[in-house]
Amino acid sequence: MILVVVGMHFQSFDRLIEKMDELTPSLGHKVVMQIGSSTYEPRNAEYFRFTDGWRMEHLTGQADVVVSHAAAGAIITALKWRTPLIVVPRLKRFGEHVDDHQLQLAEALSGEGSVTAVYDVEHLERALKSARQASAVHRSSRAELVAFLRGYVDKLEARSARTHRRAG
Amino acid sequence: MKICLVCSHGGHLTETLQLMDAFEGHEVFFATYHSLREEQVQGVARAYFTQNMGASVFNMVKGLPWVLQVLWKERPDLIVSMGAEIAIPFFYVAKVLGIRTIFIESWCRITDLSGTGKLVYPVADLFLVQWPQLLSKCGKKAMYKGAVV
């Protein structure tokens, strides 16, 4: 199954939805799309607009490939399930986002080999053929961030406890 | 310590959920948008929901009474946010009320800060970015201490 994800963003991403719908009959895989605020409604693929976090996790875990906008949520979920991932950045000039930051993320992650980035939807079909071999390989620094925050919060708490004792 | 986690309902929420173990042992509650993910949020902590403010200044101003109401009722010691725009009213009200704030720029920002990041930078007590190369675009206060991924 190929899962297409465009997230919760308030702008549409018809460029991706329309292209994936056009490709659906020739892909030989079931295609399921989360179309969000997009205006184009797929004719060939199965689709829904929004769903809850568990269903997104479940679908991502089951998918052979995820094709998503280049956004943190969809990418984090795909990396977690080690599902091969193709990202297509939303671009400002097509009215898909407020700026072009998705381009930065797509470039950085494809540079380190974690995902396949596609900038022109005309190249999606080719990318889908090779993405099945790829796998997410991001080096995580989550533990460092969690440890730093825990330390910071604990220090704040100790400081406020001292202040309260003085005040009392 | 009582901690208020402020986020929009999509990727920013997913990022925030990656950090829950940093706040273990503290009382945590969410302030976020109405969505089909409400149950998922409530499965993690208590939560307050409001309408999506998008990037509209008008909606942020309209949302102010809700922000005030949540903060007045809960009196958190600390607000943590990774965006999006919902952080803006929270951080400015927190500044007035003397509540500490941590802003963590979203993982999706690598070479430029988000509009929200730029706006809350002056008032945030702690400002973190998730890519070291972003530090050159921020003031001295910004730090890199790892990422949610």
Side-chain angles (χ1 to χ4, degrees), chain A residues 5-11 36-37 48-57 68-77 79-80 89 97-109 114 136 138-154 156-161, chain B residues 1 3 8-15 17-26 33 35-41 43-44 52-56 77-78 80 82-85 100 102 104 106-115 125-126 128 130-134 143-149:
Chain A
V5 183
V6 303
M8 301 279 205
H9 188 69
F10 64 89
Q11 286 163 290
S37 305
F48 57 90
R49 282 199 181 272
F50 299 103
T51 187
D52 59 65
W54 292 300
R55 185 163 171 225
M56 263 346 272
E57 291 264 345
S68 84
H69 66 158
I75 298 174
I76 288 169
T77 310
L79 290 177
K80 194 151 90 186
H97 216 304
V98 296
D99 58 25
D100 282 333
H101 72 276
Q102 289 206 350
L103 205 53
Q104 304 165 13
L105 191 60
E107 280 167 4
L109 294 179
S114 296
H138 188 81
R139 192 194 73 83
S140 173
S141 55
R142 196 191 78 88
E144 293 156 60
L145 181 57
V146 166
F148 172 79
L149 284 172
R150 194 180 288 164
Y152 185 89
V153 172
D154 286 348
L156 269 187
E157 185 165 49
R159 200 187 304 163
S160 81
Chain B
M1 183 105 105
I3 303 172
S8 52
H9 57 325
H12 299 275
L13 168 61
T14 305
E15 286 189 75
L17 291 173
Q18 289 280 100
L19 289 180
M20 293 313 292
D21 45 345
F23 312 118
E24 261 168 31
H26 299 279
Y33 294 144
S35 79
L36 291 170
R37 299 180 75 181
E38 284 175 26
E39 243 181 88
Q40 185 191 16
V41 175
V44 176
N52 192 343
M53 296 175 194
S56 142
D77 303 293
L78 174 68
V80 180
M82 306 175 76
E85 289 86 357
R100 285 201 157 258
I102 300 177
I104 308 170
S106 169
W107 182 62
C108 68
R109 296 288 171 166
I110 303 171
T111 55
D112 285 299
L113 286 180
S114 64
D125 291 300
L126 178 66
L128 300 177
Q130 300 193 48
W131 293 81
Q133 55 266 52
L134 186 50
M143 289 192 283
Y144 168 77
K145 296 288 177 186
V148 296
V149 185

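Since this is a predicted model, take the numbers as computed values, not measurements. Residue numbers start from 1 in every chain, and the chains themselves are labelled A, B, ... in the order their sequence lines are given, proteins ahead of strands.
- A 4.5 Å side-chain heavy-atom check between A/I75 and B/V149 finds every atom pair outside the cut-off.
- Of the atoms belonging to B/Y144, it is side-chain heavy atoms, and not backbone ones, that fall under 4.5 Å from chain A.
- Between B/W131 and A/L105, the shortest heavy-atom contact is CZ2-CD1, 3.9 Å.
- Here the side chains of B/E24 and A/V153 are not in contact, with every heavy-atom distance at 4.5 Å or above.
- Separating the CD atom in B/Q40 from the CD atom in A/E57 is a distance of 7.0 Å, to the nearest 0.5 Å.
- For B/H26, the part lying under 4.5 angstrom from a heavy atom of chain A is the side chain only.
- Separation of atoms CZ (A/R142) and CG (B/L19) is listed at 7.0 Å; rounding is to 0.5 Å.
- For the atom pair CG (B/L113) and NE2 (A/H101), the distance works out to 12.0 Å, reported to the nearest 0.5 Å.
- Contact of the B/L126 side chain with the A/F148 side chain is registered, since non-hydrogen atoms from C-beta on lie closer than 4.5 Å.
- Side chains of A/D52 and B/E39 form no contact here, defined as non-hydrogen atoms less than 4.5 Å apart.
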Q: For the pair A/L149 and B/I102, evaluate side chain to side chain contact (heavy atoms under 4.5 Å, CB included) and give the outcome as yes or no after the intermediate values.
A: CA-CA 9 Å; A/L149 284 172; B/I102 300 177; 4.3 Å; yes
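- Per-residue heavy-atom pair counts under 4.5 Å with chain A were compared for B/G10, B/G11, B/C108, B/A84, and the maximum is reached by B/C108.
- Among A/E157, A/E107, A/Q104, A/R150, the residue making the largest number of heavy-atom pairs under 4.5 Å with chain B is A/Q104.
- Comparing A/A143, A/S141, A/G73 by heavy-atom pairs within less than 4.5 Å of chain B, the highest count is held by A/S141.
- Contacts between B/I3 and chain A at a heavy-atom distance below 4.5 Å involve the side chain alone, from C-beta outward.
- By number of non-hydrogen pairs under 4.5 angstrom with chain A, the leading residue of B/D21, B/T14, B/V148 is B/D21.
- Residues B/D112 and A/D99 form no side-chain contact, since every pair of their non-hydrogen atoms from C-beta on lies 4.5 Å or further apart.
- Residue contact with chain A, scored on non-hydrogen atoms closer than 4.5 Å, is absent for B/L13.
- For A/L156, the parts sitting under 4.5 Å from any heavy atom of chain B are the backbone and the side chain alike.
- The side-chain heavy atoms of A/F10 and B/S8, taken from C-beta on, include no pair separated by under 4.5 Å.
- Rounding to the nearest 0.5 angstrom, the gap separating the CG atom in A/L145 from the CD atom in B/Q130 is 6.0 Å.
- For a residue to count as touching a neighbouring chain, one of its non-hydrogen atoms must lie under 4.5 Å from one of that chain's; by this rule B/D77 does not touch chain A.
- Counting heavy-atom pairs closer than 4.5 Å to chain B, the top-ranked of the candidates A/S140, A/G151, A/G7 is A/S140.
- A/V146 approaches B/Q18 most closely through the heavy-atom pair CG2-O, 4.5 Å.
- Using a 4.5 Å heavy-atom cutoff, the side chains of A/Y152 and B/R100 are in contact.
- Neither the backbone nor the side chain of B/M20 comes within contact range of chain A, judged by heavy atoms closer than 4.5 Å.
- Rounded to the nearest 0.5 angstrom, A/L109 CG and B/I110 CD1 are separated by 6.0 Å.
- At a 4.5 Å heavy-atom cutoff, A/S160 makes no contact with chain B through either its backbone or its side chain.
- Rounding to the nearest 0.5 Å places CE of A/M8 at 4.5 Å from OG of B/S35.
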